[in-house]
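First comes the structure, then the notes that go with it.
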Amino acid sequence: MGKNSERTKMSDTVVPNDKIRVRMAPSPTGFLHIGGARTALFNWLFAKHHNGQFILRIDDTDVARSTDESMHEIYTALKWLGLEWDEGGDKGGPYAPYLQSERKTIYEKYVTQLLESGNAYYCYCSTEELEAIRKEARSNKSTRSYDGRCRHLSSEATEQYMSEGRKPTVRIKMPDKPIRVDDIILGSRNIDPATLEDEVIVRSNGMPNYNLTSIIDDAEMQITHVIRGTEHLNNTPKQIAIANVLGLNLPQFAHIPLVLDDSGRKLSKRHHGDLVAVNRYREQGYLPEAMLNFVARLGWSYDDKQEIFSVAELIEKFDLDRVGKSGSVFDIKKLEWLNAHYINELDVSARTDAVMSFWEQEGLVDSSTKRDWLEKIVEAVGERLTTFQDIIPQTRYFFTDDFEYESKAVKKWWGGSDEKKEKTCEILTNLGQVLQEVAEFDIETVESAIWKYTDENDIKRVAAMQAMRIALTGTSFGPSLFDIVVLLGRDEVLKRIQRAMAYLSHK
RNA sequence: GCCGCUAUCGUCUAGGGGUUAGGACGGAUGGUUCUCAGCCAUCAAACCGGGGUUCGAAUCCCCGUAGCGGUACCA
């Protein structure tokens with residue numbers, strides 16, 4: 001497999017009897033966005049493909065920003081996508097609890113160990129002091145922004161700080177030997193210890209930090225592979241250093257490239273708002289299959305022929321060795337194409353089910369609306385839906401005649417001049433007459449009657465049809481007009497033709 | 001500033017010393033039809049730059065450049 005052979009080898013180093021365990025570890029500080037969904041998907045696919053386990057851990061050590069609401073939104077999004085987890089979240093499991101905020105005593109044990117072995121120390125620097133240190137380091141072109149000055153605090157200094165009431169943080173002492181980082185996707189490298197600084201591992205409020213909790217939990221929860229975004233790449237050596245000192249087993253790492261916006265920046269809640277929220281796509285009438293298929297192809301490919309992958313195929317074919325190294329732009333056009341594809345694979349009944357809530361939301365249908373009729377509407381709409389919410393603009397006129405005539409359409413097909421309008425009125429009148437007299441109001445009869453009229457009177461089919469289409473729907477495009485006519489019914493059609501003629505003669 | 005990662009059509013990507021550099025989305029054109037969508041056909045569109053290595057480089061190496069990520073008592 002060419003360039004990826006090295007990676008393949010690395011992922012194959014997993015002992016086959018070892019059950020693969022991966023995790024998704026979101027921080028509940030907002031909704032799940034496209035990038036997070038992809039991280040979840042890659043983890044989930046990797047687990048499913050290798051018959052392993054997918055764990056959902058909630059990294060909520062940031063008390064100030066974490067919310068319960070966010071956590072539940074993440075659950076909803078993940079469940080909608082069908083990325084069910086084997087352990088964790090609201091589900092529990094053998095390594096419970098899975099909320100880091102509930103695992104404090106576990107971390108405390110390790111922190112004590114670190115402190116006692118001299119691998120961590122208290123740091124009394126204030127935020128302001130830290131900032132000054134950083135500024136200084138920057139102007140000195142230093143490779144780190146904290147100089148480790150509290151490593152060797154005298155007991156007098158410590159007492160002094162304590163008497164001032166300062167609450168210390170705990171910092172990890174970084175090693176002075178290079179750290180080797182092996183990454184399944186990115187390969188191996190050695191990190192110069194001069195670039196590693198003594199990270200804060202416990203906040204002054206007593207809450208431990210990500211770099212500590214993450215690697216501890218990965219070990220405690222027997223995680224074999226950490227698959228996460230490359231924004232964590234620089235955290236990895238720090239976490240490895242901590243694990244080494246603690247004697248923890250290391251997972252294998254696989255950093256997946258970022259999902260970017262169309263100007264090449266990382267997708268984030270902060271900059272892109274809920275434009276990138278997974279739940280929003282659900283609300284807009286996207287199908288989870290489309291979303292999954294789309295997101296899977298961001299950074300992963302199978303070969304040069306296949307774009308459409310069912311979930312089962314994804315599970316069968318996905319592996320880390322075909323994940324690329326460079327970021328990928330989120331292209332909504334492609335998502336739309338995929339969504340249309342998956343919608344069109346649904347039968348009429350399933351499509352009707354899917355579309356129902358949108359109609360209901362708009363107050364267009366209620367329990368008395370006939371299912372049979374609705375299905376026929378969906379059938380008439382055919383392959384015109386990109387998302388389910390498209391059903392509203394495309395079918396509103398079936399339920400109400402309270403619509404405006406589109407001015408562009410009016411101008412083009414009803415006529416800009418009085419003369420043309422008169423002609424249109426004449427056609428409409430005759431069409432109304434034809435429809436009035438037609439014996440059976442079904443598609444075949446209506447169609448042949450109309451064609452008979454146009455052809456015998458030397459009227460262009462398009463002109464007649466478009467004139468009537470606007471009268472019936474207000475727009476110049478949509479399903480087959482015969483479908484519309486029959487679905488609307490004779491009375492409604494005649495009524496709308498009357499209304500159109502009134503409009504034409506008054507203007 | 002410092003550290004790191006990355007680099008094939010506009011976008012997602014295949015390929016990986018010798019290819020007409022392939023596919024898909026999007027775009028354009030034509031066909032089909034009562035319109036639109038769809039479908040079918042066709043077209044335009046790419047190896048970041050410079051040096052090496054080599055008979056031959058988009059592919060390997062080096063150096064640039066650019067973009068991005070990180071640089072928090074966020075994750």
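Residue numbering restarts at 1 for every chain, and letters A, B, ... go by the order of the sequence lines.
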#### Entry: Separation between the P atoms of B:U53 and B:G10, rounded to whole Å
32 Å
### Query
Distance between the P atoms of B:A58 and B:C39, in whole angstroms?
37 Å
### Message
Any non-hydrogen side-chain atom of A:R57 less than 4.5 Å from a side-chain atom of A:D218?
### Response
yes
Look at [X] and [N] and indicate whether a side-chain polar atom (N or O) is within less than 4.0 Å of OP1 or OP2.
| X | N | result |
| --- | --- | --- |
| A:R228 | B:G69 | no |
| A:T127 | B:A72 | no |
| A:S301 | B:A14 | yes |

### Query
For nucleotides 20-27 of chain B, read 5' to 3', which letter fits each nucleotide if B means a protein heavy atom sits under 4.0 Å from the base, S means only the sugar-phosphate is that close, and - means neither?
--BBSSS-
### Query
Can the positive tip of A:R171 be found less than 6.0 Å from the middle of the six-membered ring of A:Y146, inside 45° of the ring normal?
yes
### Message
Checking contacts here: which listed nucleotide (B:G38, B:C73, B:C5) is nearest the side-chain heavy atoms of A:L233?
### Response
B:C5
### Task
Select base, sugar-phosphate, or nothing to describe what A:S326 touches, counting heavy atoms under 4.0 Å on all strands.
sugar-phosphate
### Query
Is the distance between the ring centroids of A:Y210 and A:H232 less than 6.0 Å?
yes
### Query
Looking at B:A75, does its base get a donor-acceptor pair with the side chain of A:D60 below 3.5 Å?
no
